[in-house]
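Data block below; observations after.
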Amino acid sequence: MSLKRKTRELIKRREQVISGGGEKAIKKQVAMGKLTARVRIQALLDKNSFHEYDLFVEHEARDFDMDKKVLHGDGVIIGTGTIYGAPVCIYAQDFTVAGGSLGLMHARKITKIMDHALKMRVPLIGINDSGGARIQEGVNSLAGYGEIFFRNTLSSGVIPQLSVILGPCAGGAVYSPALTDFVFVVENISKMFITGPSVIKTVLGEEISMEDLGGAKVHSEITGNAHFYSLSEEECFEQIKKLITFIPWNNTQKAKAFPPKKSKSEYKVEDIVPSDPRQPYDVRDVIRAIVDDSDFFEIQELFAANIVIGFGRLDGDTVGFVANQPKVLAGVLDCDSSDKAARFVRYCDAFNIPIVVFEDMPGYLPGVDQEHAGVIRHGAKVLYAFSEASVPKITIILRKAYGGGYIAMNSRHLRADFVFAWPSAEIAVMGPEGAANIIFRKEISGAEDPEEMRKIKVKEYKDKFANPYVAAAKGYIDSVIDPEETRNMLVHAIKISANKIDNRPAKKHGIPPF
Ligand code: HXC
C-alpha cells in the first residue's frame, strides 16, 4: 500500500474514533445542554494548539458482552495544548462513549497524561463527565481510580491541578477533583455526589433530586467543594483561562508578570471603610482600590463569604489576597471560613505567590454550634497555614483586630514580613464593650448610674487600647499608614521581598490539623 493510501486510511480511522459514541449519543449530550468532550477542549485551548494522544487505545474488557463493544478512545480524550501560550496537559471524559465510564484503559490514558504533566511540570486540567467506575470492568475500574488519586497527591503542590465538572461525577470518582487545587462547576450541568439519589432512597427512604443533592449551587455555597461557579460552559472556560494567567506553571516558578496598571479611580480607598467599627462595608472594594486595573479574581465567592480570597496583581505581579468581609457575619473566622482561608494560604505558599491580608474582624465566632463543629480544629488551620507559609506575607489592619483574630490573620507573631495599620485600627483582646463589662464589672454595678459608668469605662478602654499605637510602640506593627499610601506600601513590600529566604527546620512534613 502506498504511503498516500495509508495516510488516507489513517484519516478514516481517525474520523471513526472522533465520532465518539455516535450521532444519537451526541444528540442526547447536546439536548442536555452540554458540549461534547472534543468541543470543550477546542473551546478551552488556544486555537489549533491541541495535540491528541492515545486516540486508538481500545478497552480490553471481555465480560458482560464487552468483547462485542467498540468504545472509541475508550471514552476519554487526552492531549496537550496551550492557554494564552502557556502549556497545559488535559483530559476530557466523553460521556457519549459508555457514559464516560472509567475502565482500565480509560484510566491508563488519564494517568499517562497526568504523568506527562508532572514530568513536564505543567498544569493539568481534567474535564469530568462520567458515570463513574465502569461496572463491567469490576476491580480494574477501582484500580484505575486508585492510580489517579495517587498521582493527584503526588502532583499536589508541584503543578497546578484544575478539575472541571461538566456532567455527573459520581461515587469515589469525586475524590480526584477533591484532591486537586481548583474545582469548576456549571449550573444545571455539574453533579457531584458519593451516593446518588437512588441509593439514598433505598438506604434512607429519602427522595432528593440530583441537583439538590450535589448540583453546582450546592457545592459552591454549602460544601465548599467547588471554587468557581458559572452559568454556562463558555463562562466556565473563561474562568479557567483567567485563572491560568494568575498562577505559575509549577512550584519552581513565579506567575508570569504583566505590565503594571493603576487601579481604577472609582475606587477610593479612604471612602470605602466607615469610621464606626460597627458599620459594614465590602472589603472587595478595598482590594479593587489597590490592585492593578481594579481587577480582583475572587475564588469561592459563594462559600463562607465572611472571608474573601482571590488573586489580583500589584505592579504586574500576582498576589493572593485573604480578607475579612465585614458585611458578612462581621468578618468573623468560623469553621468554614477558616478552612477556606487556610487552604488558599497553602496554595499561595506552594506556588510562590505573595500573600496580602486585609484585617477587620472581631475574632472567632462564638457559640455551641461552632464549638461542636470543631472551630478549635478548623481555626487552628489558619494559624498553621500562615505560620508555615514562607512566601512574602504582608498584613494591613484596617479596623478591628481583636483577640485570636489579631494573631490568626497573619500577625507579626506568625512571621508576617510587614504589618501595616490604618489610623482606624483597633488592636485589643476583645471589643471595648465586652472588655469594659468584664474588667470594670464592680465599678459599673456599684455606680449610682451604671449605664453612664459603663459608657465612661468603655471610652477609657477605647482610648487606651482601641488604636494602633500601643502595638506600634512595641514594634508589632511596622507602620501606621495613611490609607491612601496602601498600594504604594504593598507594591514596595512585595518588590523588596522578591528574594525572601525563610529557612525552617528540616522535617518530612508537619501534621496540620486536617
Ligand atoms: C458502565 C455506564 C456507567 C457505568 C453509565 N453508563 N454509567 N456504563 N458503567 N458506571 C452507560 C449507560 O449504561 C449508558 O449506556 C450510557 O452510559 C449513558 O448512560 P445513561 O444512564 O443512559 O445516561 P443518563 O440517563 O444521563 O444517566 C447518567 C447517570 C447514570 C446518572 C450517570 O448513567 C448512572 O447513574 N450511572 C451509574 C452511576 C454510578 O453509580 N456509578 C458507579 C459509582 S461507584 P448505553 O449503552 O445504554 O448508551 C464508583 C466507584 C468508584 O464510581 C470508586 C473509586 C474509589
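Everything numeric in this text was worked out from a predicted model, so none of it was measured. Counting from 1, the numbers follow the sequence of the chain as shown. Both counts, for ligands and for their atoms, begin at 1 and track the order of listing. No hydrogens, no waters, no symmetry mates; every other heavy atom, side chains included, goes into these values.
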With F311, which of F296, F258, F344, F351 fulfils ring pair (Phe, Tyr, Trp, His ring centres under 6.0 Å)? F344

Should you measure from each heavy atom of [X], which atoms of ligand 1 turn up under 4.0 Å away?
| X | answer |
| --- | --- |
| S101 | 1 (C), 3 (C), 4 (C), 8 (N), 9 (N) |
| R134 | 1 (C), 9 (N) |
| P168 | 32 (C) |
| Q136 | 1 (C), 9 (N) |
| Y145 | 51 (C), 54 (C) |

Hey, is E137 one of the residues with a heavy atom under 4.0 angstrom from ligand 1? no

Ring pair (Phe, Tyr, Trp, His ring centres under 6.0 Å) between H227 and Y347, intermediate numbers included: CA-CA 13 Å; H227 300 83; Y347 184 85; 9.2 Å; no

Starting from [atom], what is the nearest protein heavy atom, named by residue and atom, and what distance separates them?
| atom | value |
| --- | --- |
| atom 9 (N) of ligand 1 | I135 N, 3.1 Å |
| atom 10 (N) of ligand 1 | A133 O, 2.9 Å |
| atom 31 (C) of ligand 1 | M210 CE, 3.9 Å |
| atom 46 (O) of ligand 1 | K69 NZ, 4.4 Å |
| atom 33 (O) of ligand 1 | F95 CZ, 4.9 Å |
| atom 44 (S) of ligand 1 | G171 CA, 4.2 Å |
| atom 24 (P) of ligand 1 | K28 NZ, 3.9 Å |
| atom 38 (C) of ligand 1 | G131 O, 3.1 Å |

Does the pair [X]/[Y] count as a salt bridge with the N-to-O cut at 4.0 Å?
| X | Y | result |
| --- | --- | --- |
| E234 | R40 | no |
| D339 | K381 | yes |
| K242 | E238 | no |
| K241 | D46 | no |
| K34 | E233 | no |
| K112 | D115 | no |

What do we get for [X] next to ligand 1 when only non-hydrogen atoms under 4.0 Å count, side chain, backbone, both or neither?
| X | answer |
| --- | --- |
| L142 | side chain |
| F149 | side chain |
| A98 | backbone |
| A170 | backbone |

All heavy atoms of I200 vs all of T195, minimum pair found to be CD1-O, 3.6 Å

List the atom of Q370, the atom of D334, and the distance in Å for their closest heavy-atom pair. OE1-CB, 3.1 Å

Any protein heavy atom < 4.0 Å from [atom]:
| atom | result |
| --- | --- |
| atom 48 (O) of ligand 1 | no |
| atom 14 (C) of ligand 1 | no |
| atom 6 (N) of ligand 1 | yes |
| atom 17 (O) of ligand 1 | yes |
| atom 29 (C) of ligand 1 | no |
| atom 52 (O) of ligand 1 | yes |

With distance as the sole test, does N250 use its side chain to make a donor-acceptor pair with the main-chain N or O of T252 at under 3.5 Å? yes

Take F321 and F297, measure what ring pair (Phe, Tyr, Trp, His ring centres under 6.0 Å) needs, and give me the verdict at the end. CA-CA 10 Å; F321 288 92; F297 188 52; over 10 Å; no

Are I353 and P248 side-chain neighbours, meaning at least one heavy-atom pair lies under 4.5 Å? yes

Based purely on interatomic distance, does A173 place a nitrogen or oxygen under 3.5 Å from a nitrogen or oxygen of ligand 1? no

Is it the case that over 12 heavy atoms from other parts of the model lie below 6.0 angstrom from the NE2 atom of H413? yes

Taking D74 as the fixed residue, which of K109, R134, K69 is the one that meets the salt bridge (charged side-chain N to carboxylate O under 4.0 Å, His left out) rule? R134

